[in-house]
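Remarks on the structure that follows.
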There are 2 protein chains.
Amino acid sequence: MLSAVNTSTSGHPGSAVDDMVQSLDAAGYRMTDSRRAVIDLICTRDGAFETADLVADARRRKIEAARATIFRTLEILTGLGVVERLDLPNGDHSYVRCDSRAHHHHLVCTRCQRSIDLEDLGMTPILAKVARRTGYKIDRHRVELFGLCPTCQKRASPAP
Amino acid sequence: MLSAVNTSTSGHPGSAVDDMVQSLDAAGYRMTDSRRAVIDLICTRDGAFETADLVADARRRKIEAARATIFRTLEILTGLGVVERLDLPNGDHSYVRCDSRAHHHHLVCTRCQRSIDLEDLGMTPILAKVARRTGYKIDRHRVELFGLCPTCQKRASPAP
DNA sequence: TTTACTGCAAACATTTTGCAGATGT
DNA sequence: ACATCTGCAAAATGTTTGCAGTAAA
């Protein structure tokens, strides 16, 4: 049995943490301190992040979670669809927490990394048309949008 | 001045090679044997490829082009928009030759890697709507479609 | 002749893995 | 108790870089 644990010091609702914890549990994974720690690290961030960010956060906050464990946990969470892996315009790999488990895409601020989930962009008819024209059987697609969030648009100069 | 050189042994039209050679020339890059070799390697392939593929092809065909040169050339060609970098569903980085210099996206076969360029998917209104709703200023997007090409659909079993 | 380019090997960054011991259930 | 996890450190990848020599223009 699991008790919901949210040690986050940020203003985030515990639901994100709970959601991840429950997903892990439901999938039969053991709930360990390290995993809870990684989940907390993820939920404390509120945009796209790289593994290096989590490693740095962990060290800074003196949370014990080995690099390998962070990678392993991220892999599991990605498999569960609780987190998604995406590719920044510069080619780096990063991750985002997903608010919903349904099919969706992400819009990421290229300045602050803040990201929002976009559901139903209306790609279906486009995909159907492409499939019809090309004869390909399209079974997956990636759509990632990048730009400046409202806040960063106001701060014109380079990131802090 | 440049002479068009197409040493490709494949059935591909020389135009792709010429196109790349001319792009390099137009941008002021020197035309060297290594670069010609890398271009030839790229044009001999007809789908998405990883750098490792080119390295392997080069060695197999006994073409001299150091690994570093392949990376460097690919970087230049990417900058010129003659080649595009994309991310496979499995997370690997790969490249595709672009038929056109105009804005477009790619549809890649997950079995044989064959890829076709897609122009004008009709994303503009979608982007506009998202921008309006979210307040983000969207300045770039990535759309990559994956599936099975007509040929691979017929061959049901795992790749050769 | 001048400056860009190449090859090579070393340096780097990132992610994976083997294994002995720790720990959930 | 027993299988799953973790940490660690080594290894495997993938990509970049410094430099002395080579070759375009």
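Sequence lines set the chain letters: A, B, ... in the order given, protein chains first and strands last, and positions in each chain run from 1.
Phosphate proximity of C/dG7 to B/Thr69: present, with a side-chain N or O under 4.0 Å from OP1 or OP2. Under 4.0 angstrom from either OP1 or OP2 of D/dT6 there lies at least one side-chain N or O belonging to A/Thr32. In this model, the phosphate group of C/dT14 is not approached by any side-chain N or O of A/Thr51 to a distance below 4.0 Å at OP1 or OP2. The side chain of B/Ser34 places no N or O atom within less than 4.0 Å of a non-bridging phosphate oxygen (OP1 or OP2) of C/dC5. Here B/His93 reaches the OP1 or OP2 of D/dT15: one of its side-chain N or O atoms lies under 4.0 Å away.
Rounding to whole angstrom units, CE of residue B/Met31 and C1' of C/dA4 are separated by 13 Å. In this structure, CG of A/Leu24 is placed 15 Å from P of D/dT4, rounded to the nearest angstrom. Rounded to whole Å, atom C1' of C/dA4 lies 14 Å from atom CG of B/Asp25. Distance CD (A/Glu64) to P (D/dT6): 11 Å, rounded to an integer number of Å. B/Asp33 has its CG atom 14 Å from the C1' atom of D/dA25, to the nearest Å. When rounded to the nearest whole Å, the span between CG of A/Leu54 and C1' of C/dT14 equals 14 Å.
Using a cut-off of 4.0 Å between Lys/Arg side-chain N and Asp/Glu carboxylate O, B/Asp25 and B/Arg30 are scored as not salt-bridged. At a threshold of 4.0 Å, the pair B/Arg97-B/Asp46 does not count as salt-bridged, since none of the basic side-chain nitrogens sits closer than that to a carboxylate oxygen.
Both A/Gly28 and B/Phe71 lie near DNA chain D, and the one whose nearest nucleotide falls closer to the 5' end is A/Gly28.
Side-chain to base pairing of A/Arg30 with D/dT4: one donor and one acceptor N or O lie within less than 3.5 Å of each other. You'll find a donor-acceptor pair under 3.5 Å spanning the side chain of A/Arg72 and the base of D/dG7, going by distance alone.
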For residues 75-86 of chain B, run the donor-acceptor check on the side chains, cut-off 3.5 Å, and write out each pair with its distance to 0.1 Å, sequence neighbours left out.
unit_1	atom_1	unit_2	atom_2	d
B/Thr78	OG1	B/Leu74	O	2.6
B/Arg85	NH2	B/His93	ND1	2.7

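Taking the six-membered ring for Trp and the full ring otherwise, A/His141 and B/His105 have centroids separated by 6.0 Å or more.
If you check every strand for non-hydrogen atoms under 4.0 Å, B/Arg67 touches a base.
Closest approach to the A/Arg35 side chain among C/dT17, C/dC5, D/dC5 is made by D/dC5 (side chain taken as heavy atoms from C-beta onward).
Ring pair A/Phe49/A/Tyr95 is parallel by interplanar angle, where below 30° counts as parallel and above 60° as perpendicular.
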